[in-house]
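First comes the structure, then the notes that go with it.
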Amino acid sequence: RPKLSGPELLCQLKGGVKVATLTSDLQPFSELTWGSLLPQRSMTFDLGPFKSCAVVTSAGSMRHSGLGAEIDSHDMVLRFNAAPTAGYEKDVGAKTSVRLINSQVMASDDHHFLSSSLYSAGILVGWDPAPYSADLNEWYNKTDYPIFEQYQVYRKLHPQQSFHILHPHMEWQLWELIQGNMAEPIQKNPPSSGLLGTVLMMSLCDVVHVYEFLPSRRKTKLCHYYQSYYDEACTVGAYHPLLYEKNLVKRMNLGPDQDIYTHGRVTLPGLHTFTC
Ligand code: NCC
């Protein structure tokens with residue numbers, strides 16, 4: 001099978017991955033008393049398009065990047081999980097428009113999801129590794145972490161904050177795209193928050209810059225820019241097919257390789273900006 005070009009991969013992404021968040025009219029939520037806490041429309045329906053968006057990974061190589069001002073110059077800035085800005089503004093910026101959080105962060109005690117002010121800025125988007133079929137009923141009864149319980153409590157505590165949950169179709173459609181373009185079999189786990197957030201922003205923005213998903217010359221074993229914890233698996237993956245995700249993004253990158261080396265920056269086009 002021939003290796004697809006960047007534009008061909010972008011078209012596969014546009015045609016094969018439906019970016020959506022859960023809505024209150026979907027089964028089983030439409031029949032649950034708390035279902036009306038979910039938004040009425042998908043996030044991708046209500047928002048955008050924005051001109052420029054930044055996706056800020058949590059990689060240790062963000063440290064000493066000096067990218068803060070550049071990141072903040074974007075119309076929308078997406079961050080992940082418990083990644084802070086306070087104290088790290090020079091390197092990661094101060095603006096948070098969207099925060100994508102996995103269900104482990106939403107549910108585990110050590111993240112204080114319900115009470116920490118870290119999560120109060122911008123739009124929240126949660127996700128949970130769903131069973132491969134991505135059937136909503138099956139997933140609802142078997143989530144990895146209690147994402148829906150936490151969602152209800154959070155919404156009641158912070159009723160004004162916009163909070164979406166990614167439709168699990170997206171995880172597995174993206175996984176299929178990755179596997180379909182790799183020679184070897186890859187582990188059947190959903191993509192990392194990094195790739196999910198990148199594709200989410202590609203559906204909302206004209207141009208997306210992703211920082212330190214493809215490591216720059218600052219590449220380090222430091223896992224996160226905000227913690228003194230060293231583990232190379234953070235960058236190359238263990239549970240998530242991270243290395244394969246990075247390979248795919250490298251092939252779709254429209255920017256020069258020099259941008260990756262010096263800034264850890266990848267440039268991707270918004271999905272609505274090209275035709276296939
Ligand atoms: O580490 P994490 O990811 O929060 O990072 C967000 C995204 O940034 C990219 N990244 C991160 C570190 C690094 N050195 N290189 C990178 O490229 C990845 O794309 C990553 O997705 C996750 O994907 O949700 C993940 O979450 C953590 C953890 O749950 C949260 O940080 C909360 O503590 C996972 N770690 C563990 O479960 C121990 C991680 O595997 C994936």
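Counting starts at 1 for both ligands and their atoms, in listed order.
Ranking the protein heavy atoms by distance from atom 17 (O) of ligand 1 puts K246 NZ, 2.8 Å first. Nearest protein heavy-atom contact of atom 35 (N) of ligand 1 is Q104 OE1, 4.8 Å. Protein heavy atom at the shortest distance from atom 9 (C) of ligand 1 is T57 CB, 3.8 Å. Of the protein's non-hydrogen atoms, S193 N, 2.9 Å is the one closest to atom 23 (O) of ligand 1. With respect to atom 18 (C) of ligand 1, the closest heavy atom belonging to the protein is S192 OG, 3.9 Å. Annotation: atom 15 (N) of ligand 1 to nearest protein heavy atom, C234 O, 3.3 Å. The protein heavy-atom contact nearest to atom 32 (C) of ligand 1 is V105 CG2, 3.3 Å. Taking atom 27 (C) of ligand 1 as the reference point, the nearest protein heavy-atom neighbour is N102 ND2, 4.0 Å.
Here the side chain of R155 pairs a donor or acceptor atom with the backbone of P159 at under 3.5 angstrom. A side-chain donor-acceptor contact under 3.5 Å links R79 to the backbone of K95. Put simply, the side chain of T57 gets close to the backbone of E212: a donor and an acceptor are under 3.5 Å apart. In this structure, the side chain of D91 engages the main chain of G66 through a donor-acceptor pair within 3.5 Å. Side chain of K219 to main chain of T235: no donor-acceptor pair is present (N/O by atom type, distance under 3.5 Å, no hydrogens or angles). For the pair W172 (side chain) and P131 (backbone), a donor-acceptor distance under 3.5 Å is present.
Contact detail for T23 and R41: the closest heavy-atom pair is CG2-C, 3.4 Å. In plain terms, the two heavy atoms of S193 and W127 that are nearest each other are OG-NE1, 2.9 Å. Closest of all the heavy-atom pairs between E89 and A94 is CG-CB, 3.9 Å.
L10 has its side chain within reach of M202: a pair of non-hydrogen atoms, C-beta onward, lies under 4.5 Å apart.
Within ligand 1, the atoms closer than 4.0 Å to a non-hydrogen atom of F80 are 6 (C), numbered from 1 in the order shown. Under a 4.0 Å criterion applied to the non-hydrogen atoms of A59, ligand 1 contributes the atoms 11 (C), 12 (C), 13 (C), 14 (N), 15 (N). Those atoms of ligand 1 with a heavy atom of S58 less than 4.0 angstrom away are 5 (O), 6 (C), 8 (O). Near L242, meaning under 4.0 Å from one of its heavy atoms, ligand 1 places the atoms 19 (O).
Under 4.0 Å from ligand 1, the heavy atoms of C223 that appear belong solely to its backbone. The part of N81 lying near ligand 1 is the side chain, judged by heavy-atom distances below 4.0 Å. Using a 4.0 Å cut-off between heavy atoms, H224 contacts ligand 1 through its side chain alone, with no backbone atom that close.
Residue-environment remark: CZ (F45) stays at or below the threshold of 12 foreign heavy atoms within 6.0 Å. Open room surrounds OH on Y261; 12 or fewer heavy atoms of other groups in view lie less than 6.0 Å from it. For H64, the NE2 atom sits in a loose shell: 12 or fewer heavy atoms of surrounding residues, nucleotides or ligands are nearer than 6.0 Å.
Under a 4.0 Å heavy-atom criterion, Y239 is not in contact with ligand 1. Within the structure, ligand 1 has H111 among the residues with a heavy atom less than 4.0 angstrom away. Within the structure, the closest approach of L100 to ligand 1 does not fall below 4.0 Å when heavy atoms are considered.
Considering only non-hydrogen atoms, atom 41 (C) of ligand 1 lies nearest to H240 out of E245, H240, M62.
Atom 6 (C) of ligand 1 lies below 4.0 Å from at least one non-hydrogen atom of the protein. In this structure, atom 29 (O) of ligand 1 has a protein heavy-atom contact shorter than 4.0 Å.
Distances between N or O atoms of G194 and those of ligand 1 include at least one value under 3.5 Å. Ligand 1 has an N or O atom lying under 3.5 Å from an N or O atom of T235, backbone or side chain.
Defined by atom type and a distance below 3.5 Å, a donor-acceptor pair is present between the side-chain atoms of Y244 and E184.
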